[in-house]
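One structure below.
In this chain, numbering begins with 1 at the start of the sequence shown.
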Amino acid sequence: MSAVGDEDWEDLDAGLPADEPVPMPAAPVRVAPAPATPGPPAAPARLRFEEVALTVTVLPGTVTGLGRDPEWAPGTAAALAAHPTVSRRHASVAVAQDGTATVTEEPSTAANGTRLNGVDLIPGRPYPLTDGDRLQLGARIGCVITLGRGQGRPGRAEAVQG
């Protein structure tokens, strides 16, 4: 192979004006992805207890305890205090930021069980909730789950008007 001399470059430069720079390929342009468009905020879950005239609202991103322990379940403790089949720390309801909700029976504390639509829950395992589900704590206390509708006061219990 022969060595490349200055005369070889003259052929390449022959078509360009002497006073203009040699065009360089453009660098790739990096385009930042468009920011995600936030969807509507997720709605809270509402638990309407039938026997004790109580509605509990669980906001997205929070967990609410259900039971008779006033420190652990402040939204339900007073209303459930007279119901010994509900444990002090019976179950909890969690609502994720996207609005999906789960219920978990607390391990080794819910002596009388928790049922979701008539099915006994395994303690410590979260179960998905859907709109219209029926949750039962112990033998006598039940509530209906409402997802994606209504307004409520955050983390608070509300009296249900008959």
Does any N or O in the side chain of [X] come within less than 3.5 Å of the main-chain N or O of [Y], such that one atom is a donor and the other an acceptor?
X    : Y    : answer
E105 : T114 : yes
H90  : G113 : yes
E71  : P74  : no
R46  : G148 : no
N112 : T85  : yes

Heavy atoms only: give me the nearest [X]-[Y] pair and the separation to one decimal.
X    : Y    : answer
I122 : Y127 : N-OH, 2.9 Å
P60  : A43  : CG-O, 3.7 Å
L137 : A91  : CD2-CB, 4.2 Å
V103 : L121 : CG1-CD1, 3.9 Å
A45  : V95  : CB-CG2, 3.6 Å
A42  : D98  : CB-C, 3.6 Å

For the atom pair [atom1] ([X]) and [atom2] ([Y]), what is the distance rounded to the nearest 0.5 Å?
X    : Y    : atom1 : atom2 : answer
T64  : L47  : OG1   : CG    : 8.0 Å
R48  : L135 : CZ    : CG    : 15.5 Å
D120 : Q136 : CG    : CD    : 9.5 Å

Taking the side chain as every heavy atom from C-beta outward, state whether [X] and [Y] have any pair of such atoms under 4.5 Å apart.
X    : Y    : value
I141 : L80  : yes
I145 : L147 : yes
L116 : R134 : no
P126 : T104 : yes
V86  : L66  : no

Check the side chains of S87 and E106 for a donor-acceptor pair under 3.5 angstrom, ignoring hydrogens and angles.
-> no
side-chain contact (heavy atoms from CB on, under 4.5 Å) evaluation trace for F49 with T55 | CA-CA 6 Å; F49 288 86; T55 296; over 6 Å; no
